[in-house]
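Okay, so here's the structure we're looking at.
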Amino acid sequence: MQSSFSPGAMLRRPEAGAFLGLLAVMIFFGIFGGLTFLQPAGMASWMNVASNLGVIAIPVGLLMIAGELDISVGAMVPFGAMTVAVISGHYGLPIWFGIAAALSFGVLIGLINGYMVIRTAVPSLIVTLGTLFAVQGVVLGLTVLITKSTSVALSTEGAAKTIFGDFFFGGQVQVMVLWWLAITAAYIFFVHFSRFGNWIFAMGGDKVSARNAGIPTERMTILLFVLSSTSAAFVGMCQAILYNSAQVAGGQSFIFNAIISVVVGGVLLTGGFGSIVGIFFGTITFAIVNQGIYYTDFDRNWSSLIIGILLLVAVLMNNTFRKMALSYSPRKMGVK
Amino acid sequence: MPQAILSLKNINKSFGPIDVLHDINLEVRAGEVLCLLGDNGAGKSTVIRLLSGVHKPTSGVMAMDGKPVSFANPREAADHGIATVHQFGGTFPLMSVGRSFFVGREPTKWVGPFKVYDRKLANDTAVKAVQSFGITRIDDGDRLVGGLSGGERQALAIARAVHFGARVLILDEPTAALGVKQASHVLRIVNEAKRRGLAVIFITHQVMHAMAVGDHFAVLIRGAIAADFRKGEKSREEITDLMAGGEQMAELEAEIESYMAAGEGHPEPAKHVH
């Protein structure tokens, strides 16, 4: 995207803060825990965390760039997991039915979220808070009603296991890492190289002007909500296949973890600014802090403190870099 | 006199029981600047919203090139060549000059099997379009819009409207938030748009700015056109008095009535005769 690379130009990009944050975290854990987290076993642990989180964080970040928020992802993860486990585990139907159903529910909840946001003037935080609780209720109620249990076993073999829920590289790295890398690449193209990305930034910058400029803002809003809730259902479904079981609880941590990754990644909370690469770095940073603590002598309870400080420092840094980007004008003698 | 590009005939607008505009008659021709003057709350914004397709008139006829038109939404008004530029440029502060210039109409090119946004073309086109309005300080399409001065943002928005084929340019208080120097830049751009044959509707409450570029003036008071005159027909003091409203309004009405009684021009305020 940048025609010339210079330290100044790098700092003005949305992912600058995320990149520096990642470096700082790596140096911190390098000093206190050695370089374990860069060796295969260490890398696998944070990459597994980052991949599951990253697949959800990117669409959540896109919604934030567009000026919306989706916290219902916290319920969509167990919903996706439970759907595949009930259909293919409890009822014993073919696994592909379960996969199709889990993803379809993701699309459905995304449509409901998106439609409610564009049809009412209610902020998307409240709308998705509603669906978060509603979906949690549905998952718990239906699961107990159908299976008389809050945990459902699922055993998967064959292609579905290999594609969605297996380990590779000596049984340590989840196949989700490959999904995450591929999906990130697809989003980078979609957001930064296709024309649709421009629409998302315009929507977050000024929704009315964006609509007047002919951007189908309502269709884009619905599409983004469908992306985020389907991604969350996808992650849940893959986890159920990977761990051979699904629980009704869990998934709540994805809400805040995704938002932290996105904000550390340089996305402006009020919309209009951010990048996929930034969210990618933000996710890795979060995952390294989350897992790196195990390689140090610190009690793991301190990791939340580090994440909290990291978040605040990242936001302050991102504000500074954004101001630099705004006040930037080329030198008078600059070569064009 | 050539036909008006855009005209309003006996337009009324009410929101529920509240009448906002009464019997508005206005027209604007190519290469002409119509200044719509009025104090805050006089109904200027409602006129803009009617013209730009946000609201529909309660009664009366809006016509383009003599043919009645009705806009369901702002997009339809834009498709008819009516572009509105708001006080702060209506642009996206955290987007680059090139990207915000082409928002919603991004140029693309094929790179292998992928259709990608053509950043270079967008930046070059945007920079050239703005520079053609005399703003040479914008020379990098990657700069963020939020880093431009208020006048430069107006220039960018006007250049964008002209580039995408606007015939009628509605400028909503473009100089209100600007310093003297910035405002003079914007006025120069208004003149340039006029020179290129656009019909410009310039909304302001700054009489000096209106007089610097206007060919035709209409003063709105409490939702009605209190005066309609051409360049040179009234002094700055008279216009300022007019805008101030109230007492002068009665005086003006009496004046118009006496004109009509005497039959020397101005049969009614809006239908203009030289």
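Source: prediction; values computed, not measured. Naming: A, B, ... by sequence-line order, numbering from 1 per chain.
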Going by residue number, which parts of residues 74-83 of chain B are within reach of chain A, meaning a heavy-atom gap below 4.5 Å?
B/Pro74, B/Arg75
Assess B/Arg160 against B/Phe102: is NZ or CZ under 6.0 Å from the centre of the six-membered ring, and within 45 degrees of the ring's axis?
no
Return a table of donor-acceptor pairs under 3.5 angstrom between the side chains of residues 161-168 of chain B and protein atoms on other chains or two or more places apart.
from, atom 1, to, atom 2, distance (Å)
B/Arg167, NH1, B/Asp65, OD2, 3.1
B/Arg167, NH2, B/Asp65, OD1, 3.0

A/Thr230 side-chain N/O to A/Leu227 backbone N/O, donor-acceptor pair under 3.5 Å:
no
Is chain B contacted by the side chain of A/Phe196, its backbone, both, or neither, given a heavy-atom distance below 4.5 Å?
neither
Pairs flagged by salt bridge (charged side-chain N to carboxylate O under 4.0 Å, His left out) wherever residues 185-195 of chain A is involved - sequence neighbours left out
A/Arg195-B/Glu106
Go through A/Gly214, A/Gly272, A/Ala202 and name the one with the most non-hydrogen pairs under 4.5 angstrom from chain B.
A/Ala202
Could you tell me whether the side chain of B/Cys35 reaches within less than 4.5 Å of the side chain of B/Val33, counting heavy atoms only?
yes
Going by atom type alone, with no hydrogens or angles, which donor-acceptor pairs under 3.5 Å involve a side-chain atom of residues 318-325 of chain A and a protein atom two or more places apart or on another chain?
from, atom 1, to, atom 2, distance (Å)
A/Asn318, ND2, A/Val263, O, 3.1
A/Asn318, ND2, A/Ala314, O, 3.1
A/Asn319, OD1, A/Arg322, NH2, 2.4
A/Thr320, OG1, A/Leu316, O, 2.9

B/Glu32/B/Lys194 salt bridge by N-O under 4.0 Å criterion:
no
Give the member of B/Val145, B/Val111, B/Asn73, B/Leu144 that has the highest number of heavy-atom pairs under 4.5 Å with chain A.
B/Leu144
